[in-house]
Amino acid sequence: MTGVVDVANAKRRTRNGRIAILGAAIAWSTAGLGQHALEATAATQIAGRAFFAFMFLLGVVGFTERGRAIASLRSLGLSGVIVTVSLAISSGTFLFALNYTSVANVLFFQAAAPMLAALLAWVVMSERIAARTWLAIAVAAVGMSVMVAGSLDAGALAVLLPFVMTTSFAVVIVITRHRQEVSMLPATCASQVLVLVVLAPFISIGSATGSDWTIFLLLGFFQMGLGLTLLTVGARMLPSAEVALLTLLEVVLGPLWVWLAYSERPTATTLVGGAIITIAVIVQATASNDPAPMTAPVLAVPTPDSS
């Protein structure tokens, strides 16, 4: 009887994890809608969103940790530091990249996250990837190749910034999965403080209009704050490759919202590639709720007790 209950709980956990990650992808996909309407400088845009994301995440951490936020952050050790820095880099470079290239170009590179996350998880954690997930990744890779074709002529920053964003995002997914016994919400909150500290010398408050502050609040609370909260929750319940794969829904929805709102029309290759990636997401999202097996980590991340 206990075994039946355990299986049911595992399936429920997998289902809830998928719902959380898909919700995060939908929230993140609205970034282009807000950024296109901003008039502030790039550094001010990133800092403004980070400030309100920090306020949202601070409330979530305060509610979930019940006064143990600092202790929880310290208990994460080196893994918490890596997540904090990686999330700061990923969130900062994402909005920064939108100032140099189209929403579609930025998201095309993010489509590489499943491959990077799977590779990192295999190297660091010896995490076994289910055959269905590998199939979905292969389909997504085809879609990514179609979408990226012809989009590399937008300049060096248009390529470098999205690449850095994608790599750091893959690191966050893998470590969150590796330390699934603890919450990464404190580290997620700290990442936005780090963004503010780094960008402080470059912020120009006078460049932000009244409507900019409203957009900063919406981006910080919904697009970043809620998205990161759902990622932190969902990534503890699913294999790294599946998390990265399900977030590809953002790659499809992001350009679609901007197309509908601002007539930033995707090319034919964008539409075809987006359709292929959507198929990959559906393949993975409709898989059975049986949790993928995971072996013990090859490289243990030190904790305060072991350092």
Side-chain angles (χ1 to χ4, degrees), residues 24-65 69-70 73 76 80-100 103 106-107 110 157 161-162 164-169 171-173 175-176 183-233 235 247 250 254:
I26 293 172
W28 289 335
S29 71
T30 61
L33 283 175
Q35 192 278 332
H36 268 57
L38 293 173
E39 299 181 26
T41 62
T44 307
Q45 292 176 21
I46 300 169
R49 183 184 68 164
F51 172 76
F52 287 108
F54 164 70
M55 297 300 292
F56 179 92
L57 291 167
L58 184 63
V60 174
V61 170
F63 176 77
T64 57
E65 299 297 327
I70 301 300
L73 183 60
L76 295 177
V81 173
I82 296 175
V83 167
T84 297
V85 174
S86 297
L87 264 180
I89 293 174
S90 181
S91 61
T93 51
F94 177 79
L95 205 59
F96 196 45
L98 290 178
N99 287 271
Y100 287 89
V103 173
V106 173
L107 295 178
Q110 189 167 317
L157 285 178
L161 290 173
V164 172
M165 170 201 69
T166 300
T167 303
S168 55
F169 179 64
V171 170
V172 171
I173 293 173
I175 294 181
T176 301
S183 173
M184 287 290 173
L185 277 173
T188 302
C189 185
S191 72
Q192 300 308 295
V193 176
L194 182 57
V195 170
L196 287 170
V197 170
V198 172
L199 292 179
F202 310 102
I203 296 174
S204 174
I205 300 222
S207 68
T209 65
S211 61
D212 281 351
W213 287 103
T214 300
I215 296 173
F216 290 158
L217 186 149
L218 292 174
L219 287 175
F221 275 41
F222 175 70
Q223 189 267 333
M224 178 58 65
L226 179 60
L228 287 178
T229 299
L230 291 173
L231 169 69
T232 304
V233 172
T247 59
E250 176 193 5

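Annotation for Glu250 and Ala25: closest pair CB-O, 3.5 Å, computed over non-hydrogen atoms. Between Ala24 and Leu230, the shortest heavy-atom distance links the atoms N-CD1, 3.6 Å. The two residues Trp28 and Gln223 come nearest to each other via the heavy atoms CD1-O, 3.0 Å. Summarising the geometry of Phe54 relative to Gln192, their closest heavy-atom pair is CB-CB, 4.0 Å, with the distance given to 0.1 Å. Minimum heavy-atom separation, Ser91 to Val195: OG-CG2, 3.9 Å. Between Leu219 and Gly34, the closest heavy-atom pair is CD2-CA, 4.3 Å.
Considering only heavy atoms from C-beta on, Trp213 comes within 4.5 Å of Ile205 through its side chain. In this structure the side chain of Val172 never reaches within 4.5 angstrom of the side chain of Ser90, judged on heavy atoms.
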Could you go through the side-chain contact (heavy atoms from CB on, under 4.5 Å) check for Ser86 and Phe169 one step at a time?
CA-CA 7 Å; Ser86 297; Phe169 179 64; over 6 Å; no

Could you go through the side-chain contact (heavy atoms from CB on, under 4.5 Å) check for Thr229 and Thr188 one step at a time?
CA-CA 8 Å; Thr229 299; Thr188 302; over 6 Å; no

Worked verdict on Leu199 versus Phe96 for side-chain contact (heavy atoms from CB on, under 4.5 Å):
CA-CA 12 Å; Leu199 292 179; Phe96 196 45; over 6 Å; no

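Note that the CG atom of Leu196 and the CD1 atom of Ile46 stand 11.0 Å from one another [nearest 0.5 Å]. Note that CG of Leu57 is 7.5 Å distant from OG1 of Thr232, once rounded to the nearest 0.5 Å. How far CD of Glu39 is from OG1 of Thr209: 4.5 Å, rounded to the nearest 0.5 Å. Atom CD1 of Ile26 sits about 12.0 Å away from atom OG1 of Thr247, to the nearest 0.5 Å. The CZ atom of Phe216 sits 6.5 Å away from the OG1 atom of Thr44 when rounded to the nearest 0.5 Å. Taken from CG in Leu228 to CZ in Phe56, the straight-line distance is 9.5 Å, to the nearest 0.5 Å.
Proximity of a side-chain donor or acceptor of Arg49 to a complementary backbone N or O of Gln35 within less than 3.5 Å is not detected.
A side-chain contact (heavy atoms from CB on, under 4.5 Å) with Phe52 is found for exactly one of Leu217, Ile215, Leu218, namely Leu217.
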